[in-house]
Amino acid sequence: MVLAYNVKDKPTFGKLIVFAFQQILAIMAATIAVPSIIRHDMSHAAALFGAGMGTIIYLLFTKFTSPVFLGSSFAFLGSMGAAFAGGVSMSLGYLGMIIGATFAGLVYVVIAIIVKFAGVKWISKLMPAVVIGPTVAIIGLSLAGNAIGDLFEGGNLVEVIIPIIKDGAIAYDKIDVPTANTYIALACGLVTLFTTIIVSVYGKKMLKLIPFIIGICAGYLFASIFTLFGIWFNNPELVVIDFSQFEKMHWYPEFTFITAFSGNYGFGEVGNMGAYIATIAVAYIPVAFVVFAEHIADHKNLSTIINKDLLTDPGLSRTLLGDGVGSMVGAFFGGCPNTTYGESVGCVAITKNASVYTILTAAILCILISFVAPFMTFLATIPSCVMGGVCVALYGFIAVSGLKMIQKVDLGQNKNLFVVSVILIAGIGGMSLTFGSITITPVACALILGIITNLIVSKAKEEKTEENSQQEQDNTKEVA
C-alpha cells in the first residue's frame with residue numbers, strides 16, 4: 001500500500017491535530033462502551049484517560065514504530081464483571097479490576113520474555129498467512145453485527161413534555177421515551193457512510209485524509225436537524241441525539257485507583273481477600289492468552305498496511321510488553337485493560353496515514369480531553385447510528401485486509417481450503433466457549449481451530465492444480 005504519511009513522517013501541527021482527532025473519533029465509541037456495559041459508576045472520561053496513557057506506554061516500548069491506538073478491551077468484559085460478583089463493595093470491585101489487569105499484563109510479560117529468547121519463527125510456522133489472513137477477516141466480520149445494529153439506533157432516552165388532564169385541568173408532565181424512528185436513524189447512518197466514502201474516494205489533498213471527521217460531522221448535522229424538529233414538535237420519533245446528557249456532565253475523570261484505594265472493602269459472598277484474588281486470577285489470566293492471539297493478528301494486519309513486519313521490528317516481545325504494561329496502566333486509571341484497536345488499524349488503512357506522531361498526539365489529546373467535560377459530553381452525544389455508518393467502513397476494511405493476506409495462498413490446494421473454511425465458518429458462525437466467567441471469543445475459537453487444522457494438514461503433499469502448474473511453466477520460461 002502506498003501511504004500518504006509513513007510511520008516516521010510528521011505532518012504539520014495543524015494537520016496533526018486534525019488527524020489525531022480523527023483517530024479519537026474512530027476509537028471513541030468502543031473505548032467508552034466498555035464502562036457503559038460494566039456500569040458500577042465507571043467513568044467514561046477515566047477510561048479515555050487510561051487509553052491515552054496506555055497508548056503512550058505502548059509507543060515507548062515499541063520505539064514509536066507501530067502506529068496503532070490502544071483502547072478498552074471487550075475481551076475482558078466477563079472478567080471485569082467477575083470483579084464485582086458476589087456482592088463485593090465498590091472499592092473492592094475497582095481494586096479487583098486493577099489486580100486483574102496486572103495479572104493479564106504479567107501474562108504478556110512472560111510471553112514476551114519467552115519470545116525474546118525463542119524468537120518469532122515458531123509463530124510464523126504456527127500461524128502462517130493461510131491461518132492469520134482469514135482470522136484477521138473474522139475480526140472485521142465478527143463486528144459486522146455491531147455496525148449494522150448501531151445503524152438503526154438513535155440516542156438514549158430523551159425527556160419529552162406532554163399535555164395531561166389533571167384535576168379537570170390541562171397540565172404538563174415530563175416523560176422519558178425511546179428516541180428516533182429506526183428509518184430516521186438509518187438515514188443518518190447512511191449519510192455518514194456515503195459522505196465518508198465520497199470524501200475518501202473523490203476528496204483532494206487534506207480532505208482525502210480526514211474522511212471520518214467530515215462523515216461524522218455530516219451525519220451529526222443531519223441528525224441534529226431531525227432532533228430539533230422532534231423537540232420543537234414534541235415528536236420523540238424524530239429525536240436522534242440525546243442533548244440532555246449536557247445536564248449530567250462529570251467535570252473531572254473519576255479515576256479507578258481513587259475508589260480502589262479508599263479502603264472501604266466489603267467481601268460479600270467471597271469471604272476474604274485471598275479467595276477474592278484467586279477468583280480474579282481465574283477470571284483474567286486465561287483471557288490474556290486469548291487476547292494474545294488477537295494481538296498477533298492485529299499486528300500482522302498492520303504490518304501489511306505499513307509494509308513492515310512489526311513482529312521482527314520492533315519485535316513481538318516489545319509489542320507484547322507495550323500492550324501488557326499499557327493494559328496495567330490503563331486499568332489503574334480507567335479500570336479497563338487495553339488492547340490494540342481494529343478501528344485504529346482500519347483508520348490507518350483507509351486514510352493511508354500511518355504517522356506514529358498522529359497516534360501519539362491522539363493519545364495526548366485523549367488525556368487532555370478527559371478533563372474537558374463539555375467536549376467529552378459532546379462526543380458522548382454522537383448517536384450510535386452515526387458511528388455505525390463509520391464502522392461499516394472501518395470493519396469492512398479490516399475484513400478486506402485479512403482477505404488480502406491470502407491472495408498468494410493457493411486455494412486450489414484442499415489443505416489450504418480446509419484451513420480457511422474452518423476459520424471463516426467458526427468465526428462467522430459465532431462459535432464461542434464459556435467456562436465459568438471465562439469466554440473464549442469467536443475470533444479466538446476460529447484461530448485455535450485454524451491452527452489445529454493447519455497442523456493436521458501441513459504434512460500433506462502439494463496437489464497438482466492449474467495454478468501451480470502455470471507457476472511451474474512460468475518458472476521454466478524464466479530459466480530458459
Side-chain angles (χ1 to χ4, degrees), residues 1-28 30-31 48-73 108 112 120 136 205-206 208-213 294-327 329-330 338-369 394 397-398 401:
M1 177 182 290
V2 179
L3 297 169
Y5 288 94
N6 218 317
V7 175
K8 292 296 184 179
D9 292 342
K10 187 176 182 180
T12 60
F13 180 77
K15 291 181 179 179
L16 197 58
I17 298 298
V18 175
F19 296 156
F21 183 59
Q22 180 169 247
Q23 271 283 344
I24 292 172
L25 290 176
I27 61 90
M28 169 65 73
T31 297
L48 194 63
F49 184 98
M53 290 294 295
T55 300
I56 292 174
I57 297 294
Y58 172 83
L59 292 175
L60 288 170
F61 272 100
T62 57
K63 301 187 291 188
F64 294 90
T65 57
S66 181
V68 63
F69 197 96
L70 269 62
S72 307
S73 174
Y108 274 43
V120 295
V136 171
K205 297 182 179 178
M206 182 66 177
K208 199 177 185 71
L209 295 170
I210 54 170
F212 297 120
I213 289 180
E294 296 180 4
H295 174 97
I296 293 176
D298 280 338
H299 283 82
K300 283 276 192 180
N301 187 16
L302 187 59
S303 295
T304 62
I305 294 170
I306 65 175
N307 305 311
K308 175 185 176 183
D309 187 3
L310 294 171
L311 299 190
T312 56
D313 182 16
L316 180 59
S317 59
R318 283 186 170 272
T319 64
L320 283 170
L321 284 172
D323 205 342
V325 178
S327 282
V329 173
N338 292 333
T339 188
T340 49
Y341 255 25
E343 290 90 340
S344 177
V345 176
C347 187
V348 171
I350 293 175
T351 62
K352 296 182 174 60
N353 175 14
S355 170
V356 74
Y357 293 100
T358 298
I359 304 297
L360 175 61
T361 305
I364 294 171
L365 285 179
C366 279
I367 293 171
L368 297 176
I369 287 171
L394 280 175
F397 260 72
I398 296 170
S401 296

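Heads up: numbering here begins at 1 and tracks the sequence. What you are looking at is a predicted structure, and each value in this text was computed from that prediction instead of being measured. The analysis underlying the following values was restricted to heavy atoms, covering all of them including side chains, and did not include hydrogens, waters or symmetry mates.
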Check: Where do K308 and V7 land on the side chain to side chain contact (heavy atoms under 4.5 Å, CB included) test, with the steps shown first?
Finding: CA-CA 10 Å; K308 175 185 176 183; V7 175; 5.6 Å; no
Checklist line | Nearest-0.5 Å distance that lies between atom CE in M53 and atom CD1 in I364 | finding: 10.5 Å
Margin query: Testing the basics here: between G322 and L70, what is the closest heavy-atom pair and its distance to 0.1 Å?
Written below: O-CD2, 4.3 Å
Checklist line | Shortest non-hydrogen contact between V120 and L311, atoms and distance | finding: CG1-O, 3.6 Å
Margin query: Over 60° means perpendicular and under 30° means parallel, so tell me whether H299 and Y58 are parallel, tilted or perpendicular.
Written below: tilted
Next item on the list: If a pair satisfies side chain to side chain donor-acceptor pair (under 3.5 Å) and one of its residues is in residues 353-365, list it, with sequence neighbours excluded.
Entry: N353-T358
Next item on the list: Determine whether more than 12 heavy atoms belonging to other residues, nucleotides or ligands lie under 6.0 Å from atom NZ of K8.
Entry: yes
Next item on the list: Kindly compute the distance separating OG1 (T62) from CD1 (I57), expressed to the nearest 0.5 Å.
Entry: 11.0 Å
Check: Nearest 0.5 Å, what's the OG-CD1 distance between S344 and I24?
Finding: 11.0 Å
Check: Considering only heavy atoms from C-beta outward, does the side chain of I367 approach that of I56 to under 4.5 Å?
Finding: yes
Margin query: Under the criterion side chain to side chain contact (heavy atoms under 4.5 Å, CB included), I'd like the reasoning laid out for S72 against Y341: C-alpha separation, chi angles, the key distance, then a yes or no.
Written below: CA-CA 9 Å; S72 307; Y341 255 25; 4.0 Å; yes
Item checked: Full working for side chain to side chain contact (heavy atoms under 4.5 Å, CB included) between L209 and K15 -> CA-CA 9 Å; L209 295 170; K15 291 181 179 179; 5.8 Å; no
Next item on the list: Hey, could you give me the OG1/CG distance between T312 and L310, rounded to the nearest 0.5 Å?
Entry: 8.0 Å
Note to self: If you apply the rule side chain to side chain contact (heavy atoms under 4.5 Å, CB included), what do you find for I359 with Q23, and how did you get there?
What the structure shows: CA-CA 7 Å; I359 304 297; Q23 271 283 344; 3.6 Å; yes
Next item on the list: Calculate, to the nearest 0.5 Å, the distance between atoms CD1 and NZ belonging to I350 and K352 respectively.
Entry: 9.0 Å
Margin query: Minimum heavy-atom separation for V345 and I305, please, with both atom names.
Written below: CG1-CD1, 3.5 Å
Item checked: Contact summary for N338 and G330, nearest pair of heavy atoms -> ND2-CA, 3.6 Å
Check: Which heavy atom in Y108 sits nearest to a heavy atom in G324, and how many Å separate them?
Finding: CD2-N, 3.6 Å
Notebook entry, point to check: Hey, which of V348, V68, V136 is the one that makes side-chain contact (heavy atoms from CB on, under 4.5 Å) with N301?
Noted result: V136
Checklist line | C366 vs M28 side-chain heavy atoms within contact, under 4.5 Å | finding: no
Check: Do you know which two heavy atoms are closest between F397 and A349, and how far apart they sit?
Finding: CD2-CB, 4.1 Å
Check: Do H295 and L316 have side chains that get closer than 4.5 Å, going by heavy atoms?
Finding: yes
Item checked: Beyond-backbone contact of T351 with I210, side-chain heavy atoms, under 4.5 angstrom -> no
Notebook entry, point to check: Rounded to the nearest 0.5 Å, how far does CZ of F69 lie from CG of L360?
Noted result: 10.5 Å
Note to self: Counting C-beta onward and ignoring hydrogens, is there a side-chain heavy-atom pair between F61 and L321 closer than 4.5 Å?
What the structure shows: yes
